[in-house]
Amino acid sequence: VSTFRIEEADRPHIIRLVIIWVVLSAIAVIAELLFLQIPPGNQTVQGQDQTNTMLLMTALATPVFIGVVLMVIYSAIYFRRTGPELVDGPPMRGNTPVQVVWIAASTVIVLFLALVGISTLATNSSAQTVPGQPSSGTAGGAASEMQVQVIAQQWYFTYRYADYGGVETTHLYLPVDRPVVLHVTSLDIIHSFWAYQLGVKADANPGVDNVFHVTPQKLGSFQVRCAELCGIWHGQMSDSEGRVVSQSDFDTWIAQQQQDYAAIQKVVPSYAPYYFPVPLVKGS
Amino acid sequence: MARRLSFTAAGVVVVIILVVAFVGLFMLRRPGTLEGQPTSIHLETVGAVASANEWPRPDDPHPDWVGYLPTTILRVPANATINVQIDQEDSATGLRNAFWGKVFGTEGNTMHMKYFDDKGNPQEGDITTIDPTQAAHTFAIPDLGVFVPLLGVSANAPAGSANIVTFSFKTKGPGIYHWQCFVPCGAKTIFGNGGPMQTLGYMAGELIVS
């Protein structure tokens, strides 16, 4: 067992480093908690979870980052070689207590973050209930999960509302405080449905029903864009007219969509979990 | 040693010049802009750009590709009503998403069409929806919310005939708006998604609003 003691000459450095580290870490963590805007924000319950998780991880990583950088800068300033000759430093050997402490602390932090991350992932991939509302559907269906299909195609997203006769629309409207199941699929090639304010980024593959749960909790607009390079107009495959609206506004809007698209709805195929790229084209 | 270095340096310079030339030529290759009356657009859709009724391109590098002619780069004024005529000469392929069989975003959410029915008889009228399986192409400007399906020419129509489609839409503020076809009409490419569907001057275009 090696012995470990701090040389008398090093004691002021240790005290100074610890004080600087504690003060800088406290300032940085408080500033992060107060001012740092981490996406995706709080438009959905899932987005809020992701933001909180990222904020927690950032706050825990900050003291570690500051400690490492501080040590490097401090050493460069105070322990810089000034003389012309090269002289070996004192021999250093392993120190069991220090190693035990740092391995134990690292293990605890990593396991804690893993549990938080797994918990957030599990929350994001399962049905949610709105705080203060029952988990089962009410008479008005306010708390029941609404099924919405996201259909990617070169180069636009359309949406089908399974609970409203499978009506297809060109924009995504969601009612606030109502859990939604997004079924993401594609009609042609690989796309990716990314509505970052909602906290959703899901691969859209032909023949696949990719399921995500979101529960909007804040009124407002959100942007939809494709996050998978999908051809000449990939960069234009976006829509800034996504909306989270009140249930009554949503009811009005969806009724209007059903009316506007009634004629084409008669020839649109029945709602299905996914589709395959048909038709093939002449000459292919 | 010096000679080997010289050869290597010369080789590197030649490769750099070739790469820059290739990229530069690719960047410069761009169809012309449709000039003329600023609020009126006249286009032609064909099954092969080399054999069009009005603006054939026999010297085109891809003579058998489908395309909008004479060009797909269109310049129009901002906040104006644009009148469009499309002479649709291609046969049907069918829409992958039947939803695009509806006209929307045009004035009155309609288009006027002179066409030939299944028996080859001439017809004319205001149309709001076409049979999705009979679509040849679409003229769609997603950012302006304009989606117009174009009916394929009937197999019983007289040779060389076209469906004449007219409609109007309003532009927004200045900018470059992409426009495209939603029919997978890139024949001889995987699922019809490649070739002309991915190339300016054929089934991809820009609406320059200035």
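Letters go in sequence order (proteins before strands), and every chain restarts at 1.
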Are the side chains of [X] and [Y] in touch, meaning some heavy atoms are under 4.5 Å apart?
X	Y	answer
A:Val267	B:Asp131	no
B:Phe104	A:Thr170	yes
B:Trp100	A:Gln153	yes

What closest approach, in Å, do [X] and [Y] show between heavy atoms, and which atom pair accounts for it?
X	Y	value
B:Met197	A:Trp155	O-CH2, 3.3 Å
A:Trp233	B:Gly205	CZ2-O, 3.2 Å
B:Arg96	A:Leu187	CD-O, 3.1 Å

* Asked: Looking at B:Ile130, B:Thr128, B:Thr129, which one forms a side chain to side chain contact (heavy atoms under 4.5 Å, CB included) with A:Ile264?
  -> B:Thr129
Take atom [atom1] of [X] as the centre, draw a 6.0 Å sphere, and report whether it contains more than 12 heavy atoms from other residues, nucleotides or ligands.
X	atom1	result
B:Glu124	CD	yes
A:Tyr274	OH	no
A:Met54	CE	no
B:Asp126	CG	yes

* To do: Go through the atoms of B:Asp143 and report whether side chain, backbone, both or neither lie under 4.5 Å from a heavy atom of chain A.
  => side chain
* Asked: Is it the side chain or the backbone of B:Phe147 that comes within 4.5 Å of chain A heavy atoms, both, or neither?
  -> side chain
* Asked: Taking B:Gln198 for the side chain and A:Ile232 for the main chain, is one N or O donor matched with an acceptor at less than 3.5 Å?
  -> yes
* Structure fact -> Bottom line for A:Asp239: the part with an atom under 4.5 Å from chain B's heavy atoms is neither
* Between B:Gly145, B:Ala140, B:Pro142, which has the largest tally of heavy atom pairs under 4.5 Å with chain A? -> B:Pro142
* **Qualifying ring pair (Phe, Tyr, Trp, His ring centres under 6.0 Å) pairs with a residue from residues 152-173 of chain B, counting only residues at least two apart or across chains** => B:Phe139-B:Phe167
* Report the option among A:Met237, A:Gln236, A:Gln154 that has the most heavy-atom pairs separated by less than 4.5 Å from atoms of chain B. => A:Gln154
* Nearest-0.5 Å distance that lies between atom CG in B:Asn97 and atom CD1 in A:Ile151 -> 6.0 Å
* Take B:Phe99 and A:Tyr156 through the test ring pair (Phe, Tyr, Trp, His ring centres under 6.0 Å) and record every step on the way to the result. => CA-CA 12 Å; B:Phe99 180 66; A:Tyr156 205 81; 9.0 Å; no
